[in-house]
Amino acid sequence: MPHPLLARTATDVLLGGWSDLASPAAAASLARTGLDWVLLDMQHGEHDDRSVRDCLRGTRPGDAPVLVRPPRNDAQDIGRALDAGAAGVVVPMVSSAEQARAAARACRYAPRGNRSWGPHALDAALPAPTPEQADADVLCAVMVETRAGLADVDAIAATEGVDVVFVGPFDLSLELGTTVDDLLAADGEDDPLPTIARACAAHGVVPGAFAATAARARRFRELGFRFLAAATDSGLLQDGARQRVAQLRG
Ligand code: 3PY
Ligand code: MG
């Protein structure tokens with residue numbers, strides 16, 4: 001059964017907004033612009049436990065679902081993000097099926113996984129979800145962004161509980177000794193991105209990626225990727241400010 005947020009990937013590409021700035025106002029703005037999901041980045045963005053909780057408390061019904069990238073593939077970090085009310089996680093640096101299984105299990109309660117009970121950070125006025133409901137609603141994306149992850153991508157995509165295989169093109173291109181744009185340009189059958197998209201298709205998992213610019217998002221879409229980080233809050237702010245300066249200074 002596809003995750004509810006992913007049902008639309010059969011026909012549409014889901015576009016996400018990436019929050020680096022640890023600002024509840026910026027995250028809420030992203031969540032109210034027509035983007036399909038928002039992610040709070042604890043690995044490389046400014047987010048910490050406090051800002052994740054503040055951003056999640058600042059959301060309201062109708063906002064795009066909010067995911068968290070924890071700083072590492074760690075069951076405690078994943079559990080804390082979900083306890084705070086994240087709709088799911090995008091787990092960095094997943095380099096083997098074993099690591100994918102650990103991430104997927106950290107997202108679910110026993111018997112499906114090893115998540116510890118304690119969603120106390122959720123709105124006290126709302127009933128806590130049952131463990132079964134929480135397991136059904138959580139989205140688990142694992143990032144393939146290492147040479148080892150690429151080599152094991154078929155087994156990673158086949159791992160029970162993995163909903164999205166999400167490419168980190170910056171780390172992957174560093175590992176492969178290439179550039180993001182060359183990685184994106186390579187569309188031979190055995191090139192990395194087509195290989196990842198094919199593994200996802202074979203196992204009914206959604207291929208996703210960090211694009212951040214419109215041109216890269218279009219290219220990922222051409223290559224079959226359907227869950228795309230289309231922009232970052234920091235990038236939008238810088239682009240908008242540069243554009244305005246150019247408009248007014250000629
Ligand atoms: C990557 O491209 O490696 C990422 O993790 C994007 O943030
Ligand atoms: Mg990365």
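Along the sequence shown, residues are numbered consecutively beginning with 1.
- No side-chain donor-acceptor contact under 3.5 Å links D163 to the backbone of A141.
- The backbone N or O of D135 lies less than 3.5 Å from no partner atom in the side chain of R112, so there is not a single donor-acceptor pair.
- D154 has no carboxylate O lying under 4.0 Å from a charged side-chain N of R198, or vice versa, which leaves the two without a salt bridge.
- At least one side-chain heavy atom of N73 sits less than 4.5 Å from a side-chain heavy atom of I78.
- Both V180 and L223 belong to a single network of hydrophobic side chains, linked directly or stepwise wherever heavy atoms of I, L, V, M, F, W or Y lie under 4.5 Å apart.
- Of the charged side-chain nitrogens involved, at least one lies within less than 4.0 Å of a carboxylate oxygen, so that R69 and D41 count as a salt-bridged pair.
- In this structure, H44 and D20 have side chains that are not in contact, with every pair of non-hydrogen atoms separated by 4.5 Å or more.
- The pair E222-R219 counts as a salt bridge, with a side-chain nitrogen and a carboxylate oxygen less than 4.0 angstrom apart.
- Remark: side-chain polar atoms of T159 are paired, donor with acceptor, to backbone N or O of A155 under 3.5 angstrom.
- More than 12 heavy atoms of other shown residues, nucleotides or ligands fall within 6.0 angstrom of atom CD in Q247.
- The aromatic rings of F166 and W18 lie parallel to each other, their planes meeting at an angle below 30°, with 60° marking the opposite boundary.
- Considering only heavy atoms from C-beta on, F220 stays 4.5 Å or farther from V13 through its side chain.
- Around CZ of R101, the count of heavy atoms belonging to other residues, nucleotides or ligands within 6.0 Å does not exceed 12.
- Counting only heavy atoms from C-beta outward, the side chains of D63 and R32 approach each other to under 4.5 Å.
- Residues M93 and V205 are members of separate hydrophobic clusters, defined by side-chain heavy-atom contacts under 4.5 angstrom among Ile, Leu, Val, Met, Phe, Trp and Tyr.
- Salt bridge absent: D12 and R226 never bring a charged side-chain N and a carboxylate O closer than 4.0 Å.
- Cluster annotation: V153 is not connected to L174 through the hydrophobic network of ILVMFWY side chains, with a link wherever side-chain heavy atoms come within less than 4.5 Å.
- A donor-acceptor contact shorter than 3.5 Å links the side chain of R147 to the backbone of E175.
- The number of heavy atoms from other shown groups lying within 6.0 Å of CD (E132) is above 12.
- Residues R80 and Q76 fail the side-chain proximity criterion, which asks for heavy atoms closer than 4.5 Å.
- Looking at heavy atoms from C-beta onward, C55 lies out of side-chain contact with V66 at the 4.5 angstrom threshold.
- A continuous path of hydrophobic side-chain contacts links L39 to F170 [ILVMFWY only; heavy atoms under 4.5 Å].
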